[in-house]
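Report on the structure given below.
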Amino acid sequence: MSSETESPDTSSDFIRDIVAQHVAEKRYAKIVTRFPPEPNGFLHLGHARAILLNFGIARENGGQCNLRFDDTNPAKEDASYVDAITHDIKWLIEGWADEQLASKPKGAVPVAQQINDRTDYQVSTASSSDADTEAFTASDYFDQLYNYALDLIKKGHAFVCDLSATEIEEYRGSLKEPGRDSPFRDRSVEENLDLFERMRAGEFPDGAKSLRAKIDMTSPNLWLRDPLLYRIRHIAHHHTGDKWCLYPLYDYAHCLSDYLEGVTHSFCSLEFVVHRPLYDWVLASLDLPRELPHQYEFAKLIPSYTLMSKRNLLRLVAENHVSGWDDPRMPTIAGLRRRGISAAIIRRFVIGTGITTNDDSITDIAAMEHVVRDELNQSAERRLGVLKPIKLVLTNLAPDEVIECEAINNPQAETPKKRKLSLTREVFIESDDFAEIPPPKFRRLKPGGEVRLKYACIIGFDEIIKDADGNVTELHCTAQLDTRSGEANSSKKVKGTVHWVSATQCHEVTTRLYDRLFTVEEPGAEEDFVTALNPDSLEVVTAKVEPSLAEAIPGAVYQFERLGYFTADSTDSSPGKPVFNRTITLRDTWGK
RNA sequence: UGCCCGAUGGUGUAAUGGUAGCACAGGUGACUUUGACUCACCCAGUCAUGGUUCGAACCCAUGUCGGGCAGCCA
């Protein structure tokens, strides 16, 4: 099927070098990575890099990659995204790293175990053959996270603070000025324990108190100035319900979730570099028995002409600039899939961009378009379809005459299969393929010229028919039947070949012509990206296509010869009535 | 102007003290029953200045430019 030519495992990057070093040192029994999406939107091309890195590292080292929902903020998250995210990940790695996708037994939470006479907590991993499994979920660790917070308080590493949000901001200082200690910083362990328990019990309103790490208010790293660990939120959580009104923050929950799952390598994007000391501080302050996970950062993938943040993509959806998260113009995994772009294509493109710490790079979207065309050229069957038809009459054929022609399904195939096409007196050709006053080097149909109807025969131009207003209504030509394949004059050469469909044996199908969503290279850098929306990103036409396309398989991609690649939309098509989405046009070196 | 990070053709990357390579984009031509594909050729780079070294894209120093950080978001 796919001729996926993914980079061999010889390709390396700084992260693979680090992991290879650890493997050589036998530092870990098994390499364990994780992909931790927050269920607050659909996954996009940027996530694809993280997914492919995490699963790729696991795949190359006989390890595992945990899918973990990072659901510590009930105000922004929703269970409705969980299924879509899970589906997209599985689809992206299918046939490539399915074995590495790790989950846990249903309902599993961290359990106590003895390690070197010390009590440790870990959540078990389910084997891929187990029946009842589910994704790892940070909120399943809330109890254990709470207990760890108690430990932190007992060790004098955390305190309950009564300062308001604005006061905390003031006390934090600025980029240049050091911060000041909270007046509540030196509460006794007993008082902190009592207050924290009462926070959990719901005695205080939102924002009245918080649990903070006791680190260093004068640190040049803002994230070390007694950062918050827990905040009060009297709001139900999509997974834990109303059990909690106290929720941990990312910096506290993430490193410990990694630890509880036995993650060895925790990869994230560059903006978390400044958080790494905090990641390490939390883990180190708890004096944990097992080997600690470590965080490594890499640069995000930002393709040109696309938006790449969930916040912004959500706005496109909310304001109806697109039909949804899976609109074929969206850079989401679901959108690309509907567009006809396979997982193998995404993998080849994303992996091909590499992993670095260069932080200001924009990847030319043309690099992805190249992969799309290259893969589809190998796999897509060819069909004939006319987007903007103009009628052409072959005056030397009888009205009911049908001439059978043979068309090749895919010239790239080892042993190309063929199908039948019917040439009739009346056909449609692309209106772009005729010019009454042709521009220089025009190789198509023009007055007095000749052109070949693909897979049929050469035709000679006779006459142009116009209506009263001067609009072209029909083109009259003569078919040179002896130039058909196998006939005496079949090797006759003409400069142009055009596609066509029989006017009496064709189907009309709704076809969506997509173009890039934005007119500028970096819409995310725009004051307001909405002003950079491409007004022509979607054009709907009723195309005339050859009969076989009525049975197009949703999700399959076809090349409409000389036009581009089209896929039958899997949500809007119905049996016998496909709706086509244009995946991408063919490369066009002539320009028009 | 606090701290941290980064800098290789137009773009994305490789070279880890020893010939600056690959891909995309762009250009020219060949081929063509898809102006597609394919093929051939061309274009074009180590941010700057010093230093270490027989030898520096790589190590050091300084500068320049770019990015990140002051959510009870992740």
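Chain naming here is simple, since letters A, B, ... match the order of the sequence lines and numbering starts at 1 in each.
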Original post:
If you look at every strand shown and take non-hydrogen atoms under 4.0 Å, does A:G207 touch a base, only sugar-phosphate, or nothing?
Top reply: base
Original post:
What nucleotide, of B:rG66, B:rU13, B:rU16, holds the atom closest to the side chain of A:D17?
Top reply: B:rU16
Subject >> Comparing A:D70 and A:V273 on RNA chain B - which has the more 5′ nearest nucleotide >> reply: A:V273
**OP:** Using a heavy-atom cut-off of under 4.0 Å over every strand shown, decide if A:I584 touches base, sugar-phosphate, or nothing.
**Re:** nothing
Original post:
With under 30° as parallel and over 60° as perpendicular, where do the rings of A:W325 and A:F42 fit, or are they tilted in between?
Top reply: parallel
Original post:
According to the Watson-Crick and G-U wobble definitions, with both distances under 3.5 Å, which nucleotide is paired to B:rU52?
Top reply: none
**OP:** Please work out if A:F272 contacts a base, only the sugar-phosphate, or nothing of the nucleic acid, heavy-atom cut-off 4.0 Å.
**Re:** base
Original post:
Do the ring centers of A:F136 and A:F69 come within less than 6.0 Å of each other?
Top reply: no
**OP:** Identify whether a stacking contact exists between A:Y250 and B:rA74, where the ring centres must be under 5.5 Å apart and the planes under 30° apart.
**Re:** no
Original post:
At under 4.0 Å, does any side-chain N or O of A:R172 touch on OP1 or OP2 of B:rG71?
Top reply: yes
**OP:** Would you kindly compare A:T353 and A:D71 by the position of their nearest RNA chain B nucleotide and give the one closer to the 5′ end?
**Re:** A:T353
Original post:
For the side chain to side chain donor-acceptor pair (under 3.5 Å) test, which of A:N221, A:D251, A:D280 pairs with A:H275?
Top reply: A:D251
Original post:
Across the strands shown, which category fits A:A165 at heavy-atom distances under 4.0 angstrom: base, sugar-phosphate, nothing?
Top reply: base
Original post:
B:rG67 base to A:N358 side chain: any donor-acceptor pair below 3.5 Å?
Top reply: no
**OP:** Could you tell me the separation between the CZ atom of A:R212 and the C1' atom of B:rG71, rounded to a whole number of Å?
**Re:** 13 Å
Original post:
Does B:rG50 adopt a syn or an anti glycosidic conformation, taking syn as a chi angle within 90° of 0?
Top reply: anti
**OP:** Using a cut-off of strictly less than 4.0 Å, decide whether A:S174 has a side-chain nitrogen or oxygen near OP1 or OP2 of B:rA70.
**Re:** no
Original post:
Among B:rU13, B:rC24, B:rG35, which nucleotide sits nearest the side chain of A:A366?
Top reply: B:rC24
Subject >> Nearest-Å distance once atom P is located in both B:rG71 and B:rU13 >> reply: 30 Å
Subject >> Face-on cation placement of A:R382 at A:Y558 ring, 6.0 Å and 45° thresholds >> reply: no
**OP:** Under 4.0 Å between any heavy atoms, over every strand shown, what does A:L249 touch: base, sugar-phosphate, or nothing? Just pick one.
**Re:** sugar-phosphate
**OP:** Considering just the side-chain nitrogens and oxygens of A:T72, establish if one lies under 4.0 Å of OP1 or OP2 belonging to B:rA74.
**Re:** yes
**OP:** With P as the reference atom in both, quote the distance from B:rA48 to B:rC42 in angstrom, rounded to an integer.
**Re:** 26 Å
**OP:** Return the orientation label for the A:F560 and A:F580 ring planes: parallel under 30°, perpendicular over 60°, tilted otherwise.
**Re:** perpendicular
Original post:
NA contact type, A:N40, heavy-atom cut-off 4.0 Å: base, sugar-phosphate, or nothing?
Top reply: nothing
Original post:
So what does A:S210 hit on the nucleic acid, given a heavy-atom distance under 4.0 Å: a base, only sugar-phosphate, or nothing?
Top reply: nothing
Find every protein N or O atom lying less than 3.5 Å from an N or O atom of nucleotides 32-34 of chain B, and list the pairs.
residue: B:rU33; atom: OP1; partner: A:K493; partner atom: NZ; Å: 2.7
residue: B:rU33; atom: O3'; partner: A:K454; partner atom: NZ; Å: 3.4
residue: B:rU33; atom: O2; partner: A:Y455; partner atom: N; Å: 2.7
residue: B:rU33; atom: N3; partner: A:R452; partner atom: NH1; Å: 3.2
residue: B:rU33; atom: O4; partner: A:R452; partner atom: NH1; Å: 2.8
residue: B:rU33; atom: O4; partner: A:S485; partner atom: N; Å: 3.2
residue: B:rU34; atom: O5'; partner: A:K454; partner atom: NZ; Å: 3.2
residue: B:rU34; atom: N1; partner: A:E561; partner atom: OE1; Å: 3.4
residue: B:rU34; atom: O2; partner: A:Q559; partner atom: OE1; Å: 3.0
residue: B:rU34; atom: O2; partner: A:R562; partner atom: N; Å: 2.9
residue: B:rU34; atom: N3; partner: A:Q559; partner atom: OE1; Å: 2.6
residue: B:rU34; atom: O4; partner: A:R382; partner atom: NH1; Å: 2.4

**OP:** Select base, sugar-phosphate, or nothing to describe what A:R311 touches, counting heavy atoms under 4.0 Å on all strands.
**Re:** nothing
Original post:
If you measure from the C1' atom in B:rU34 to the same atom in B:rA15, how many Å do you get, rounded?
Top reply: 40 Å
Original post:
With a 4.5 Å heavy-atom cut-off, do A:V451 and A:I458 have their side chains touching?
Top reply: no
Original post:
What do the steps show when you test A:E546 against A:R419 for salt bridge (charged side-chain N to carboxylate O under 4.0 Å, His left out), and what is the final call?
Top reply: CA-CA 11 Å; A:E546 63 170 87; A:R419 66 183 190 285; 2.8 Å; yes
Subject >> Spacing between A:W223 atom CH2 and B:rG2 atom P, to the nearest angstrom >> reply: 21 Å
Original post:
Do the rings of A:Y247 and A:H237 sit parallel, tilted or perpendicular, given the 30° and 60° boundaries?
Top reply: parallel
Original post:
Are any of A:R231's side-chain N or O atoms less than 4.0 Å away from OP1 or OP2 of B:rA74?
Top reply: yes
**OP:** Would you tell me if any nitrogen or oxygen in the side chain of A:R587 comes within less than 4.0 Å of OP1 or OP2 on B:rC24?
**Re:** no
Original post:
Can a salt bridge be assigned to the pair A:E430 and A:K388 using a cut-off of 4.0 Å between side-chain N and carboxylate O?
Top reply: no
**OP:** Classify the side chain of A:H275 versus the base of B:rA74 as yes if they form a donor-acceptor pair under 3.5 Å and no if they do not.
**Re:** yes
